[in-house]
Amino acid sequence: MDPLGRWSKPTIVGRLVTLRPISSGDTDALWEAVHDPESLDLTATTASFTYEQIAEWCATRAAAPNRIDLAIVEQATGLCAGEVVLNEFEPSTNSANFRIALRGPAWFGRGLGGEATQLIVQHGLQHVGLHRITLEVLARNPRAIRTYERAGFVATETYVDANEQWI
């Protein structure tokens, strides 16, 4: 468990979005996210998931140690637009990985992902006390790269894996 509360699952309110702990009620939205063809392509995701796996995943996020999984809820509608995650905690460097997934193209380009990214990065550095937050992004995903750069991420290396260039 997390006796110091470092990895507690907060609710963070922004102008466009609220980030809150993922719950079973988010299953349908996150099921949609893991089946959106454009999102899968832009993240090079090849894994497939059953509805039951997504339901189980949502139900277990509140108790997941050494990570924070939050639903992105659009303020204007109250609908779950996707998720932000700090995971893969590395104690030796006090760092974690970041990832974000929106439900699909209807949710892109509205500033939701950008604000969610900034809010979770700020939380990770200031409240969790991480020294560094990392991510990997496909070089052919300029929309995501711009969002990450605005949140303070800096490219440190590039590599090729499975014929895809990653930053």
Side-chain angles (χ1 to χ4, degrees), residues 7 9-64 66-89 95-124 128 130 133-153 161-162 164-167:
W7 295 101
K9 315 309 183 208
T11 296
I12 306 168
V13 179
R15 188 175 62 80
L16 299 173
V17 300
T18 294
L19 306 181
R20 59 146 175 83
I22 290 175
S23 70
S24 295
D26 299 312
T27 301
D28 288 344
L30 298 183
W31 169 254
E32 186 178 326
V34 299
H35 285 86
D36 172 61
E38 185 175 353
S39 296
L40 295 175
D41 176 57
L42 291 175
T43 58
T45 300
T46 58
S48 60
F49 304 95
T50 65
Y51 187 86
E52 292 74 24
Q53 287 173 311
I54 299 302
E56 173 69 17
W57 190 87
C58 289
T60 60
R61 295 307 84 204
N66 296 331
R67 61 182 290 144
I68 298 174
D69 303 88
L70 301 176
I72 303 167
V73 178
E74 183 182 38
Q75 296 281 29
T77 64
L79 297 174
C80 178
E83 65 167 351
V84 289
V85 177
L86 293 175
N87 65 359
E88 299 175 12
F89 176 60
S95 65
N97 178 69
F98 164 77
R99 72 177 168 80
I100 184 170
L102 295 178
R103 289 171 66 171
W107 300 92
F108 299 166
R110 295 165 52 188
L112 306 176
E115 183 176 77
T117 298
Q118 291 176 357
L119 291 171
I120 193 67
V121 166
Q122 180 180 15
H123 180 79
V128 179
L130 296 170
I133 298 173
T134 62
L135 63 82
E136 296 176 338
V137 61
L138 283 170
R140 63 181 174 83
N141 191 347
R143 181 177 56 227
I145 292 168
R146 282 190 305 276
T147 297
Y148 301 148
E149 288 172 343
R150 281 192 293 261
F153 286 95
D161 182 38
E164 290 277 12
Q165 183 175 356
W166 292 86
I167 300 172

Within a strict 4.5 Å, meaning less than it, do heavy atoms of the P21 and T11 side chains meet? yes
Grab the two heavy atoms, one from D36 and one from F108, that are nearest each other, plus how far apart they are. OD2-CZ, 4.2 Å
Can you name the closest pair of heavy atoms from I145 and A139 and give their distance? CD1-O, 3.7 Å
To the nearest 0.5 Å, what is the distance between CG on L19 and CD on E115? 8.0 Å
Does the side chain of V85 reach to within under 4.5 Å of the side chain of R67, using non-hydrogen atoms? yes
Atom NE2 in H35, atom CD1 in I54: separation rounded to 0.5 Å? 7.5 Å
Looking at CZ of R20 and CD1 of I12, how far apart are the two atoms once the value is rounded to the nearest 0.5 Å? 13.0 Å
Side-chain heavy-atom pair I72, W107 within 4.5 angstrom cut-off: no
Would you compute the distance between atom OG1 of T46 and atom CG of D41 and round it to the nearest 0.5 angstrom? 12.0 Å
Check for me whether the distance between the ring centres of W7 and F89 falls short of 6.0 Å. yes
Evaluate L86 against L130 for side chain to side chain contact (heavy atoms under 4.5 Å, CB included), listing each step before the verdict. CA-CA 10 Å; L86 293 175; L130 296 170; 4.3 Å; yes
Is there a side chain to side chain contact (heavy atoms under 4.5 Å, CB included) between L16 and E74 once you walk through the steps? CA-CA 6 Å; L16 299 173; E74 183 182 38; over 6 Å; no
Measuring only between side-chain heavy atoms, which start at C-beta, is L70 closer than 4.5 Å to P10? yes
Residue pair R103 / G82: nearest heavy atoms and the distance that separates them: CG-N, 4.2 Å
Before giving the answer on side chain to side chain contact (heavy atoms under 4.5 Å, CB included), spell out for V137 and W166 the whole-Å C-alpha distance, their side-chain angles and the decisive distance to 0.1 Å. CA-CA 6 Å; V137 61; W166 292 86; 5.6 Å; no
With a 4.5 Å cut-off on side-chain heavy atoms, are F98 and T134 touching? no
For the OH atom of Y148 and the CZ atom of R143, what is their distance to the nearest 0.5 Å? 10.0 Å
Using side chain to side chain contact (heavy atoms under 4.5 Å, CB included), reason through T147 and F153 one step at a time and then give a plain yes or no. CA-CA 9 Å; T147 297; F153 286 95; over 6 Å; no
Work out which heavy atom in I22 is nearest to a heavy atom in A71; give both atom names and the distance. CG1-N, 3.4 Å
Are E83 and R61 close enough for a salt bridge, meaning some N to O gap below 4.0 Å? no
Keeping Q75 on the side-chain end and G14 on the backbone end, is there a donor-acceptor pair under 3.5 Å? yes
4.5 Å side-chain heavy-atom contact, D28 and Y51: yes
Residue pair A116 / V84: nearest heavy atoms and the distance that separates them: CB-CG1, 3.8 Å
Taking atom CZ of R99 and atom CD of E88, what is their separation to the nearest 0.5 Å? 8.5 Å
Which pair of non-hydrogen atoms, one from L102 and one from A33, has the smallest distance, and what is that distance? O-CB, 3.8 Å
Are R150 and Q118 packed together at the side-chain level, in the sense that at least one heavy-atom pair is separated by less than 4.5 angstrom? yes
